[in-house]
Amino acid sequence: MNDPQNPALAAMMQRAVAERVYNFSPGPAALPAEVLQQAAEEMLSWHGSGVSVMEMSHRSREFESILAQAEADLRELLQVPKDYRILFLQGGAIGENAIVPLNLMRRLDAERPKADFVVTGTWSVKTEQEARRYGEVNIAASSVEQKFVRIPDVADWKLADDSAYLHLCTNETIVGVEFQEVPEVGQKHGRVVVADVSSHILSRPVDWSRLQVVYGGAQKNIGPAGVTIVIVREDLLGHAHPLCPSAFNWRLAAEHGSMYNTPPTYAIYIAGLVFQWLKRQGGVPAVEQRNIAKAKALYDFLDQSAFYRNEIDPSCRSRMNVPFFLADESRNEAFLAQARAAGLVQLKGHKSVGGMRASIYNAMPLEGVMALIDFMREFERSAA
Ligand code: PMP
């Protein structure tokens with residue numbers, strides 16, 4: 001974009017880059033500036049094709065190459081085993097709350113479909129409630145009584161013997177709890193575990209011996225809203241309810257290479273650019289180390305302060321979403337306004353929780369977290 005032929009455009013790009021702030025949005029969330037710049041450069045004509053990716057047929061050779069590359073890169077980044085299929089669908093994670101039961105719940109018993117749910121926050125509540133429309137829901141464990149501050153101990157989970165799958169939300173975006181590992185609960189003997197990984201996909205490796213289906217919306221760690229990633233072990237395809245919409249039937253989607261209907265092409269293209277960016281960062285292990293450092297810096301700061309607090313049990317604090325409260329809540333508005341003025345945006349907590357929340361996904365650099373901590377220290381000092 002620093003095209004000497006077009007100094008006006010180059011100046012516009014420079015100004016836009018200078019205007020960028022540290023964006024702590026929970027989603028749709030910050031994307032790497034490098035990716036946005038590349039998309040801007042390729043916007044009018046992708047790789048000499050003369051058209052934007054938005055204007056291409058999804059059946060064109062060009063788009064097929066974009067999709068194939070994105071899928072191969074995602075497979076490499078997450079070390080997805082050969083017998084798992086990667087699907088790029090629509091419908092979002094809330095769509096999957098219906099699509100998962102429609103595809104899986106009848107797997108063991110079509111007459112009495114049943115699934116287990118471990119409820120660890122707002123999102124898993126939504127998931128089990130939607131599933132009730134399709135079959136029997138067994139709440140194997142729930143931390144609702146503890147206001148979701150810790151994940152129930154696996155020894156206390158009451159799993160049914162005849163459920164088609166167990167559902168977990170492995171990072172609860174709103175309350176800020178994250179499974180540090182998925183426990184062994186009989187996967188070795190055929191139990192199927194499904195996880196909503198919307199808000200921490202690609203922030204850490206996936207243990208595929210413990211997860212047979214993962215899904216998530218893209219708008220936190222991957223790209224624009226509109227594409228939903230589903231990664232499913234092959235033998236789990238083909239159990240869909242007869243009334244499952246064809247566009248959401250995983251077997252059909254897999255058979256058609258995610259092209260049973262028109263996929264969200266531009267969102268897939270941006271996701272592909274993010275996958276390439278992640279590979280340049282050193283892949284998931286390198287990004288995980290950065291995420292650990294970012295989260296540690298912020299939680300350590302919160303823990304030493306009497307002015308701010310995080311209420312989540314340290315054993316299951318999310319590396320991605322860090323909710324916190326000011327001891328004096330009457331200062332909330334001033335905190336947000338001054339943060340905004342300092343170039344730190346979207347820090348307001350979810351309305352169901354209140355307080356603040358810093359979402360620090362892969363695209364948030366350590367410098368952004370340090371800038372937030374510096375601001376918080378200064379705000380505390382000036383309030384004294
Ligand atoms: N699950 C989780 C963990 C989420 O964070 C979200 C969105 N914040 C959803 C589900 C819902 O996703 P969508 O709006 O894409 O349907």
Side-chain angles (χ1 to χ4, degrees), residues 20-36 77-78 121 170-181 197-206 216 218-223 274-275 277-305 307-326 335-336 339-340 342-350 353 355-380:
R20 285 187 59 85
V21 291
Y22 289 124
N23 174 7
F24 296 92
S25 168
L31 287 169
E34 244 174 271
V35 164
L36 296 175
L77 282 162
L78 283 181
T170 43
N171 186 63
E172 288 276 2
T173 322
I174 292 177
V175 299
V177 304
E178 181 173 17
F179 281 76
Q180 301 308 318
E181 66 169 15
V197 296
S198 293
S199 50
H200 71 164
I201 186 170
L202 288 164
S203 69
R204 52 164 72 217
V206 174
Q219 67 270 24
K220 294 144 198 318
N221 249 342
I222 293 183
V274 172
F275 299 154
W277 173 81
L278 277 171
K279 285 169 68 173
R280 292 198 296 278
Q281 303 299 302
V284 172
V287 166
E288 180 183 33
Q289 289 312 311
R290 288 215 318 247
N291 288 332
I292 291 171
K294 282 151 50 183
K296 181 174 183 335
L298 187 48
Y299 285 116
D300 282 354
F301 172 74
L302 291 166
D303 287 346
Q304 58 75 49
S305 166
F307 192 83
Y308 304 101
R309 71 177 191 285
N310 166 275
E311 297 182 341
I312 304 304
D313 190 281
S315 67
C316 52
R317 285 171 164 177
S318 170
R319 291 177 188 162
M320 299 282 102
N321 309 98
V322 184
F324 61 92
F325 298 90
L326 275 60
F335 179 90
L336 289 167
R340 176 81 191 77
L344 307 164
V345 307
Q346 303 258 16
L347 283 162
K348 192 173 176 149
H350 190 272
V353 174
M356 308 296 157
R357 172 175 46 164
S359 294
I360 50 175
Y361 300 118
N362 287 346
M364 175 60 65
L366 179 62
E367 298 77 60
V369 175
M370 298 318 289
L372 174 63
I373 293 170
D374 286 346
F375 165 77
M376 289 169 70
R377 193 179 285 119
E378 184 52 30
F379 187 82
E380 175 174 353

> For S359 and P26, which heavy atoms make the closest approach, and how far apart are they?
Replying inline: OG-CA, 3.3 Å
>> Is the shortest side-chain heavy-atom distance between R309 and L302 below 4.5 Å?
In response: no
> So, do S305 and E380 sit near enough that their side-chain heavy atoms are less than 4.5 Å apart?
Replying inline: yes
> Any salt bridge between R317 and D303, counting N to O under 4.0 Å?
Replying inline: yes
> Which pair of non-hydrogen atoms, one from L298 and one from A358, has the smallest distance, and what is that distance?
Replying inline: CD2-CB, 4.1 Å
> Roughly how far apart are L372 CG and M364 CE, rounded to 0.5 Å?
Replying inline: 8.0 Å
> Which atom pair, heavy atoms only, marks the closest approach of G216 to S198?
Replying inline: CA-OG, 3.4 Å
>> Main chain of Q180, side chain of R204: is a donor-acceptor contact present, judged purely on distance under 3.5 Å?
In response: yes
> Is Q304 reaching over with its side chain to a backbone N or O of F301, donor-acceptor style, under 3.5 angstrom?
Replying inline: yes
>> Would you compute the distance between atom CD1 of I201 and atom CG of N221 and round it to the nearest 0.5 angstrom?
In response: 8.0 Å
> Is the shortest heavy-atom distance from the side chain of P205 to the side chain of L78 under 4.5 Å?
Replying inline: no
> If you measure from NZ on K220 to CG on L202, what distance do you get to the nearest 0.5 Å?
Replying inline: 14.5 Å
>> Is the distance between the ring centroids of F325 and Y308 under 6.0 Å?
In response: no
> Can you tell me if CZ on R340 sees more than 12 non-hydrogen neighbours from other groups inside 6.0 Å?
Replying inline: no
>> Rounded at 0.5 Å granularity, tell me how far NZ in K294 sits from CG in L366.
In response: 8.0 Å
>> Quick one about S318 and H200 (side-chain donor to acceptor, distance below 3.5 Å, no hydrogens or angles considered), yes or no?
In response: no
> Stepwise, does the ring-ring contact (aromatic ring centres under 6.0 Å, His included) test hold for F335 with F375?
Replying inline: CA-CA 9 Å; F335 179 90; F375 165 77; 5.3 Å; yes
>> I want to check something: taking the side chain as every heavy atom from C-beta on, are F24 and I360 in contact at a cut-off of under 4.5 Å?
In response: yes
> How long is the gap from CZ on F275 to CH2 on W277, to the nearest 0.5 Å?
Replying inline: 12.5 Å
> Any idea which heavy atoms bring S25 and P28 closest together, and the distance?
Replying inline: OG-O, 2.7 Å
> Restricting to pairs with a member in residues 356-376, which pass salt bridge (Lys or Arg N to Asp or Glu O under 4.0 Å), not counting sequence neighbours?
Replying inline: D374-R377
> When the ring centroid of F324 is compared with that of Y299, is the distance short of 6.0 Å?
Replying inline: no
> Shortest non-hydrogen contact from L77 to G283?
Replying inline: CD2-CA, 3.9 Å
>> Set out, in order, the CA-CA distance, both residues' side-chain angles and the distance that settles side-chain contact (heavy atoms from CB on, under 4.5 Å) for L36 and R20, then state yes or no.
In response: CA-CA 12 Å; L36 296 175; R20 285 187 59 85; 3.5 Å; yes
>> Treating E172 as the side-chain partner and G121 as the backbone partner, does any N or O pair qualify as donor plus acceptor under 3.5 Å?
In response: yes
> When you check the side-chain N and O atoms of N321 and Y361, is any donor under 3.5 Å from an acceptor?
Replying inline: yes
>> Whether E288 and R290 form a salt bridge (side-chain N of Lys/Arg under 4.0 Å from carboxylate O of Asp/Glu) is what I want to check.
In response: no
> Between atom CG of L336 and atom CD of Q346, what is the distance when rounded to the nearest 0.5 Å?
Replying inline: 10.5 Å
> Is the count of non-hydrogen atoms from other residues, nucleotides or ligands lying under 6.0 Å from K296 atom NZ greater than 12?
Replying inline: no
> Can Y22 and V369 be said to form a side-chain contact (heavy atoms from CB on, under 4.5 Å), step by step?
Replying inline: CA-CA 9 Å; Y22 289 124; V369 175; over 6 Å; no
>> Is it the case that the side chains of S199 and N171 hold a donor-acceptor pair, with the cut-off being a distance below 3.5 Å and no angle test?
In response: yes
>> Tell me the closest heavy-atom pair linking V175 and I312, and the distance in Å.
In response: O-CD1, 3.4 Å
